[in-house]
Amino acid sequence: MSQVRVRFAPSPTGFLHIGGVRTALFNWLYARQQKGALVLRIEDTDQSRSTEESIQAILDGLRWVGFDWDEGPFRQTHRLELYRDHAMKLLEQGKAYWCVCKPEELEARRKEAEAKGLSPRYDGRCRSLGIVKPAGEAALRFRAPQQGQMIVDDLIKGRVVFDHEVLDDLIILRSNGIPTYNFSVVVDDALMGITHVVRGDDHLTNTPRQLPIFEALGFPLPRFGHLPMILGADKTRLSKRHGATSIMEYKKMGYLPDAMVNYLVRLGWSHGDQEIFTRQELIEKFSWDHVQKSAAVFNPDKLLWVNEQHIKQDDPAKVASLLLEYLISLGTMDPMKTEDFSEEILAYRLVNAPRESLVKAVVMVRERTKTLEEMAHWVTPYLHDEARIEEEAAKKFLTPAMAPVLAELTQYFSMLPEFSKPGWEDAFKKFVETKGLKMGQVAQPVRVALTGRTASPGLFEVVELLGRERTLYRLRKGVEYAQRAA
RNA sequence: GUCCCCAUCGUCUAGCCUGGCCUAGGACGCCGGCCUUUCAAGCCGGCAACACGGGUUCGAAUCCCGUUGGGGACACCA
């Protein structure tokens with residue numbers, strides 16, 4: 001059995017969108033599972049719509065989501081000679097012919113046919129003209145078979161039958177010498193040795209147009225697989241109206257690449273009742289026969305949930321490094337910068353390596369965050385030595401009345417011989433009890449002193465992360481704040 | 001208009017090929033409860049679907065036909 005070779009062939013007319021990512025995903029998964037090759041090909045034969053920025057955006061998007069390719073990126077505009085040669089071969093063999101109809105004429109005839117309720121197909125008027133050397137501008141048309149049937153055994157849709165008579169003679173070479181899509185794909189897929197052409201549903205009806213070209217050129221047929229479309233909440237094709245459609249917007253919103261992949265693959269593929277997959281699991285478990293045939297509605301709520309699951313379950317070190325990258329992109333944290341810390345604060349600094357402390361912080365906050373964006377917010381109180389105290393929170397809990405209690409607690413903590421989470425927790429409970437207070441009455445002010453906020457992870461998880469010195473430092477700062485409030 | 005594809009809770013889906021185990025399972029969301037030092041998370045429970053009509057069969061979500069609905073394609077776009 002020969003090696004599986006698949007391809008992702010976007011046209012660079014915009015950013016990499018969700019639908020494109022999913023097409024790339026299925027190709028990538030299959031290539032990795034079969035230990036085959038993924039070829040990246042840029043279909044830029046429409047020169048008026050293709051841009052360099054789009055190519056860059058597509059590559060960036062693929063890299064972010066982690067789909068590595070084995071060959072390419074190839075650009076069709078760099079391969080024009082190849083298409084012309086093959087087109088000429090067809091001409092010589094009488095399998096293609098020159099068409100001298102003007103684009104405007106074709107357009108007019110098409111409109112007319114439509115108005116009469118007929119199929120807007122090319123009427124084939126140049127078919128038997130036998131033009132050898134066109135005088136003026138001319139396009140090359142493929143002489144398509146007119147009877148019989150084409151049978152496609154689609155990986156996803158199953159057996160699909162098309163009648164040849166519904167097809168017309170399509171243009172394979174424009175009058176400017178640039179090939180059209182249906183021709184260049186065939187030449188490329190064949191020459192690149194693609195064994196499985198997996199693409200969007202919208203190409204299903206292009207398949208019967210392409211098959212005869214493979215045959216005319218004497219190329220072996222690849223297998224085809226047509227992935228269903230992704231729809232918006234209103235069940236129309238996903239577009240800007242539905243909100244974010246560029247994959248990079250999800251990066252900005254704090255989604256994990258693995259979560260994105262997980263969600264997108266489940267949108268149209270299933271493995272029993274399993275919802276959460278690692279990349280490795282997907283590669284192992286993926287199979288064409290569980291790919292859904294019908295279109296699926298993109299559900300942002302579920303995507304968010306999947307992201308949350310990955311934040312909670314994935315390797316915290318990995319999440320931390322993604323978070324660090326995210327923090328840097330926000331400007332919240334510059335790991336190279338130390339002047340943030342005053343001498344005084346540095347004295348109390350226990351957490352030296354941002355990466356290491358970040359992993360601990362991730363583990364602490366991950367139960368309560370759904371995205372890196374939220375995580376960035378939750379983790380900030382632990383990034384620096386001093387916590388920025390929120391005014392609203394302080395007003396409510398760091399009150400003058402609270403100052404003596406906090407001061408006493410701080411004193412009490414500072415005298416404890418040993419520092420440990422359970423030790424301090426017990427001590428705290430005893431303190432609250434002997435004072436005749438309720439947990440919440442003391443816990444909230446302490447929370448504000450330690451984190452600057454009214455909502456945080458468990459108090460003693462925070463204490464443990466901060467360590468003895470930073471905890472005491474922040475408590476003292478809290479006491480000062482409460483006293484000043486008088 | 002012609003051709004092609006599709007059809008299970010609001011959404012993603014399991015089940016369908018190889019009919020009975022389906023009084024249709026899971027997940028998101030929603031509602032209620034438990035837990036609780038805050039915020040979450042977690043746990044328990046609830047609401048909610050086989051598009052419709054004919055067949056075939058002892059028996060159909062599952063097989064066949066039709067209807068309806070949705071989507072796609074019919075460019076010197078990809």
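Each chain gets a letter, A, B and so on, in the order the sequences are listed, and its residues count up from 1. All values reported here derive from a predicted model rather than from experimental measurement.
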Of all the nucleotides listed ([options]), which has the minimum atom distance to the side chain of [X]?
X       : options                : value
K302(A) : C77(B), U37(B), G26(B) : G26(B)
V160(A) : C74(B), C12(B), C4(B)  : C4(B)
D202(A) : G72(B), U37(B), C76(B) : G72(B)
Q444(A) : C39(B), U37(B), A78(B) : U37(B)
N299(A) : U11(B), C6(B), C76(B)  : U11(B)
L106(A) : C28(B), C76(B), U37(B) : C76(B)
L204(A) : A27(B), C4(B), A75(B)  : C4(B)

Is the distance from the ring center of Y97(A) to that of F142(A) below 6.0 Å?
no
Partner lookup for [N], please. Criteria are Watson-Crick or G-U wobble with both distances under 3.5 angstrom; report none if nothing qualifies.
N      : answer
C9(B)  : none
A51(B) : U67(B)
G20(B) : C58(B)
C34(B) : G42(B)

May I ask you to say what [X] touches in the nucleic acid, namely base, sugar-phosphate or nothing, with a heavy-atom cut-off under 4.0 Å?
X       : value
I171(A) : base
P457(A) : base
R453(A) : nothing
H203(A) : base
S456(A) : base
C101(A) : base
H377(A) : nothing
S48(A)  : nothing
V365(A) : nothing

So does [X] reach the base of [N] with its side chain, donor to acceptor, closer than 3.5 Å?
X       : N      : answer
Q274(A) : G26(B) : no
R121(A) : C74(B) : no
N206(A) : A78(B) : yes
S119(A) : G1(B)  : yes
D201(A) : G72(B) : no
R447(A) : U37(B) : yes
T205(A) : C74(B) : no

Distance-only polar pair, side chains of H310(A) and Y263(A), donor-acceptor under 3.5 Å:
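No, no side-chain donor-acceptor contact under 3.5 Å.
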Under 4.0 Å between a side-chain N or O of [X] and OP1 or OP2 of [N]?
X       : N      : result
R174(A) : A78(B) : yes
Q292(A) : A14(B) : yes
R209(A) : A78(B) : no
K370(A) : A41(B) : yes
K293(A) : C6(B)  : yes
R237(A) : A73(B) : yes
K235(A) : U11(B) : yes
T180(A) : C76(B) : no

When you match E308(A) and F162(A) each to their closest nucleotide on RNA chain B, which lands nearer the 5' end?
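Mapping each residue to its closest nucleotide by heavy atoms, the 5'-most match is F162(A).
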Which is more 5' along RNA chain B, the nucleotide nearest D301(A) or the one nearest D168(A)? Just name the residue.
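Per heavy-atom nearest nucleotide, the more 5' residue is D301(A).
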Tell me, please, which residues at least two apart from K318(A) pass side-chain hydrogen bond (donor to acceptor under 3.5 Å, both in side chains).
D258(A)
Residues passing the side chain to side chain contact (heavy atoms under 4.5 Å, CB included) test with E53(A), sequence neighbours excluded, are T51(A)
Quick check on ring pair (Phe, Tyr, Trp, His ring centres under 6.0 Å): which of F428(A), F419(A), W424(A) does F460(A) satisfy it with?
F428(A)
Result for side-chain hydrogen bond (donor to acceptor under 3.5 Å, both in side chains) between H226(A) and one of N206(A), D154(A), D201(A) points to D154(A)
Y255(A) and Y250(A) aromatic ring geometry - parallel, tilted or perpendicular at 30°/60° bounds
perpendicular
Donor-acceptor pair, side chain of N262(A) and main chain of E275(A), under 3.5 angstrom:
yes
